[in-house]
Amino acid sequence: MAGIKDVAAAAGLSVATVSRVLNGHPSVSEDARRRVTDAVERLGYRPNAVARSLRTDQTRTLGLVISDVMNPYFTELARSVEEEARALGYSVIIGNADERPDLQDHHVTTLLDRRIDGLLVSPTDGGSPGMLGAARAGTPMVFVDRWIPGVDVPVVRSDGTAAVRELVAHLYGLGHRRLAIIAGPAATTTGRERVDAFREALAAHGLELPDAYIGQGDFQAGSGRRVTEGFLDLAEPPEAVFAADNLMALGALDAIRARGLRVPDDIGLAAFDDIPWFVHTDPPVTAIAQPTGELGRAAVRALVDRIEGRTGASVTLPARLVVRRSCGEPASPESPSPVRRSTP
């Protein structure tokens, strides 16, 4: 493999001059720049990124710690983060916390050891020690999707309050009065926020949310099955269930079918976090969609702003309700609306 000395020899220049060209130094002549560029192309020379980072104190690398790589929402989020980072000249290293604070800290520590320039995190809880330490140490950081109150870090997220209110009005209009929720972890901001929004929306229609209709989940399918089985065992089961994320909704669907029941004939089902699969289930699932691609891109831009000395601002985007047929909606001759993905 060609090295910088080979490039210098091929260009007929000193190693110092080649180094200045490769690092974009303004003091080199156009002739020297052209000769180095030609030599690099002929030799297939690739600069050593590690050595360059030691000189410039930048690796042009971002870290992304997501809560659960198996969750389609976070998979799409990671894809949009990688695409936007690449467009801005950065690479991304991804760590999967699997909804575990200890794994989150492991990934944060590992990424900082690799000298990343900044960190995107979707916190698994109210703040693991390693992540809080990184934030307080001044590491350029942005929270995405979830956040930690009281930590001075920009937050890029969606607001589902209006969409949840619209969903409850929709369910009420279909005649449902006994409404239950499969909640996300109370330690996460999204877990608490969605329950609060659901309760407030019910109250606006004169409905209560009894404790028996609040099932504690963990944003994973197994908890959706377990909570839904509990709902179905009640003397008076709910008429419709709102799962606070897509994986818990799939678990709920499994539990309902395992009892020989049908959605929506026996019980309605709606979900937060729309995914492409929901248009292919029978029936297609009514869901609240987040602008996932836009969130990922906005999070990268906010982080790069902080890395490059600009003010990285928080961003809040609205979620929206996508009505299909899983809550007893009238059948339509038209095909259900597919998930609308945001485009760059």
Side-chain angles (χ1 to χ4, degrees), residues 65-77 96-105 120-128 131-132 143-151 153 155-165 167-168 179-203 209-228 230-231 238 240-252 255 269-275 287-292 295 299 314 316-319 321:
V65 181
I66 54 177
S67 305
D68 183 4
V69 75
M70 295 298 290
N71 187 320
Y73 167 78
F74 285 111
T75 304
E76 182 176 354
L77 183 74
N96 172 36
D98 202 25
E99 300 291 358
R100 289 172 47 188
D102 61 319
L103 271 183
Q104 176 174 272
D105 273 358
L120 293 167
V121 184
S122 178
T124 61
D125 63 354
S128 55
M131 188 193 62
L132 289 176
F143 290 147
V144 57
D145 183 63
R146 308 173 187 177
W147 67 100
I148 300 175
V151 178
V153 169
V155 180
V156 176
R157 68 183 186 94
S158 70
D159 184 353
T161 304
V164 171
R165 190 162 52 241
L167 170 65
V168 170
L179 305 179
I181 183 170
I182 307 173
T188 63
T189 47
T190 49
R192 297 190 300 271
E193 185 181 64
R194 292 168 194 176
V195 172
D196 291 344
F198 191 65
R199 192 193 308 274
E200 291 171 7
L202 289 174
L209 182 61
D211 290 344
Y213 284 0
I214 305 174
Q216 190 60 61
D218 60 5
F219 287 144
Q220 297 184 339
S223 68
R225 285 192 295 271
R226 172 180 50 77
V227 169
T228 303
F231 288 155
V241 173
F242 172 45
D245 95 320
N246 49 52
L247 292 183
M248 294 193 299
L250 293 175
L269 177 65
F272 204 103
D273 283 343
D274 198 12
I275 52 176
I288 291 173
Q290 299 195 72
T292 314
L295 291 173
S314 293
T316 302
L317 301 173
L321 177 64

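All residue numbers refer to positions in the sequence shown, counting from 1.
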>> If you define the side chain from C-beta out and look only at heavy atoms, does anything of Asp145 sit under 4.5 Å from Phe74?
In response: yes
> Could you give the distance from CG (Leu202) to CZ (Arg165), rounded to the nearest 0.5 Å?
Replying inline: 12.5 Å
>> Tell me the closest heavy-atom pair linking Asn96 and Val69, and the distance in Å.
In response: OD1-N, 2.9 Å
> Does the side chain of Ile182 reach to within under 4.5 Å of the side chain of Val241, using non-hydrogen atoms?
Replying inline: yes
> Under 4.5 Å between any side-chain heavy atoms of Ile148 and Met131, yes or no?
Replying inline: yes
> Which heavy atom of Gln220 sits nearest a heavy atom of Asp98, and at what distance?
Replying inline: NE2-OD1, 3.6 Å
>> Applying salt bridge (charged side-chain N to carboxylate O under 4.0 Å, His left out), can you list everything that pairs with Arg146, at least two apart in sequence or on another chain?
In response: Glu99
> Hey, are the side chains of Asn71 and Asp245 touching, using non-hydrogen atoms and a 4.5 Å cut-off?
Replying inline: yes
> Is the closest basic N to carboxylate O distance between Arg100 and Asp102 below 4.0 Å?
Replying inline: yes
>> Please tell me whether Asp218 and Ser223 have a donor and an acceptor in their side chains that are separated by less than 3.5 angstrom.
In response: yes
>> So which atom in Ala299 and which in Val156 form the shortest heavy-atom distance, rounded to 0.1 Å?
In response: CA-CG2, 3.8 Å
> Between Asp68 and Tyr73, is any side-chain donor less than 3.5 angstrom from a side-chain acceptor?
Replying inline: no
>> Quick check: do Leu209 and Ile181 have side-chain heavy atoms less than 4.5 Å from each other?
In response: yes
> With side chains defined as the heavy atoms from C-beta onward, is the minimum distance between Pro318 and Asp159 less than 4.5 Å?
Replying inline: no
>> Taking Thr188's backbone N and O only, do any of them form a donor-acceptor pair with Thr190's side chain (distance below 3.5 Å, no angle check)?
In response: no
> Quick one: CG on Leu167 to CD1 on Ile288, what's the gap to the nearest 0.5 Å?
Replying inline: 5.0 Å
>> What verdict does the side chain to side chain contact (heavy atoms under 4.5 Å, CB included) test give for Met248 and Phe272, after you've listed the backbone C-alpha separation in whole Å, the side-chain angles of each residue and the deciding distance to 0.1 Å?
In response: CA-CA 9 Å; Met248 294 193 299; Phe272 204 103; over 6 Å; no
> Can you name the nearest heavy-atom pair linking Leu269 to Ala252, along with the distance?
Replying inline: CD1-CB, 4.0 Å
> What are the two closest heavy atoms between Pro291 and Ala319, and how far apart are they?
Replying inline: CD-CA, 4.4 Å
>> Could you measure the distance from the CD atom of Glu200 to the CG atom of Asp196? Nearest 0.5 Å is fine.
In response: 6.0 Å
> Are the side chains of Tyr213 and Leu179 in touch, meaning some heavy atoms are under 4.5 Å apart?
Replying inline: no
> Is any side-chain heavy atom of Thr189 less than 4.5 Å from a side-chain heavy atom of Phe143?
Replying inline: no
>> Would you say Asp274 and Asn246 are linked by a side-chain donor-acceptor pair, where the criterion is simply a distance under 3.5 Å?
In response: no
>> Using every non-hydrogen atom in the two residues, find where Ile275 and Leu250 come nearest and quote the distance to one decimal.
In response: CD1-CD1, 4.4 Å
>> Under the criterion side chain to side chain contact (heavy atoms under 4.5 Å, CB included), I'd like the reasoning laid out for Thr316 against Ser158: C-alpha separation, chi angles, the key distance, then a yes or no.
In response: CA-CA 5 Å; Thr316 302; Ser158 70; over 6 Å; no
>> With rounding to the nearest 0.5 angstrom, report the CD1 to CD distance, Ile66 to Gln104.
In response: 11.5 Å
>> For Ser122 and Ser67, which I'm curious about, is there any donor-acceptor pair between the side chains at under 3.5 Å?
In response: yes
> What residues, two or more places apart in sequence or in another chain, satisfy salt bridge (charged side-chain N to carboxylate O under 4.0 Å, His left out) together with Arg157?
Replying inline: Glu193
> To the nearest 0.5 Å, what is the distance between CG (Leu247) and CZ (Arg225)?
Replying inline: 10.0 Å
> Taking only residues two or more places apart in sequence, or in another chain, which ones meet Phe198 in a ring pair (Phe, Tyr, Trp, His ring centres under 6.0 Å)?
Replying inline: Phe242
> Should Val121 and Val144 be marked as a side chain to side chain contact (heavy atoms under 4.5 Å, CB included) after you check the CA-CA gap, both sets of side-chain angles, and the distance that decides it?
Replying inline: CA-CA 6 Å; Val121 184; Val144 57; over 6 Å; no
